[in-house]
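All values below were derived from every heavy atom in this structure, side-chain atoms included, with hydrogens, water molecules and symmetry-related copies excluded.
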Amino acid sequence: MTQWWTLGIKAVNGGLFVVLFSLIAEMLKPKRFAGLFSAAPSVALANLIVVIVAKGHGEGIANTRGMVIGGLAFSLSCLVGVVAVRRWRAVAGSSALMLVWLALALPGYAVFLR
């Protein structure tokens, strides 16, 4: 598959998923759940489809594992981040959150993505 075809698939695919997820978010009540359908899931799915088409299922599985590890690390670090931001305010609390995410994600990637 040529580079131009891959780029075209990425553009069309990404746009379709962003629009679809935006429509779902718009229909949700209450609006605070709309963030669940923000750009990140749509871009992740679009990227995953392009990777599978361009590089095969093995690479798609590796990308999926990376997304799951990063998502779990992010979810756990957000729990710590709530406490950290309340205690140390925005800048220091957010910095602590990033360090916690790295401390969780990097070993996760090292263990599961060898």
Side-chain angles (χ1 to χ4, degrees):
M1 180 170 289
T2 67
Q3 212 171 6
W4 288 106
W5 277 108
T6 304
L7 186 61
I9 291 170
K10 283 182 183 180
V12 171
N13 197 14
L16 289 175
F17 273 98
V18 168
V19 168
L20 176 68
F21 275 70
S22 295
L23 289 172
I24 292 170
E26 199 58 37
M27 293 185 315
L28 284 176
K29 302 281 188 223
K31 286 296 179 189
R32 65 179 163 254
F33 291 123
L36 294 172
F37 294 95
S38 62
S42 60
V43 171
L45 286 174
N47 178 53
L48 187 60
I49 290 170
V50 171
V51 167
I52 291 171
V53 168
K55 297 182 180 177
H57 292 285
E59 192 68 29
I61 290 169
N63 275 310
T64 302
R65 287 182 183 148
M67 289 178 197
V68 170
I69 292 165
L72 288 173
F74 182 70
S75 297
L76 292 173
S77 66
C78 283
L79 295 174
V80 173
V82 169
V83 175
V85 168
R86 285 184 182 157
R87 177 175 283 179
W88 299 314
R89 297 289 183 209
V91 175
S94 298
S95 299
L97 184 144
M98 287 188 295
L99 292 174
V100 170
W101 182 83
L102 283 171
L104 294 170
L106 291 177
Y109 290 142
V111 170
F112 293 106
L113 296 179
R114 293 193 243 169

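By the side chain to side chain contact (heavy atoms under 4.5 Å, CB included) test, Val51 is found to be paired with Asn47, Glu59, Asn63, residues two or more places apart in sequence or in another chain being considered. Partners of Leu99 by side chain to side chain contact (heavy atoms under 4.5 Å, CB included), not counting sequence neighbours: none found. In terms of the side chain to side chain contact (heavy atoms under 4.5 Å, CB included) criterion, residue partners of Leu76 (sequence neighbours excluded) are, by chain and number, Leu79, Leu104.
Here the closest non-hydrogen pair linking Ala84 and Ala96 is CB-CB, 4.2 Å.
Met67 and Ile52 fall within the same hydrophobic cluster, where Ile, Leu, Val, Met, Phe, Trp and Tyr residues are linked whenever their side-chain heavy atoms come under 4.5 Å apart, directly or through other members. Val50 is connected to Val53 through a chain of hydrophobic side-chain contacts under 4.5 Å among Ile, Leu, Val, Met, Phe, Trp and Tyr, so both are in one cluster.
The other members of the hydrophobic cluster of Leu113, by chain and number, are Ile69, Phe74, Trp101, Leu102, Leu106, Tyr109, Val111, Phe112 (side-chain heavy atoms under 4.5 Å, ILVMFWY only). By the 4.5 Å side-chain criterion applied to Ile, Leu, Val, Met, Phe, Trp and Tyr, Val82 is assigned to no cluster and stands alone.
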**side-chain contact (heavy atoms from CB on, under 4.5 Å) between Leu48 and Thr64, intermediate numbers included** = CA-CA 7 Å; Leu48 187 60; Thr64 302; 3.3 Å; yes

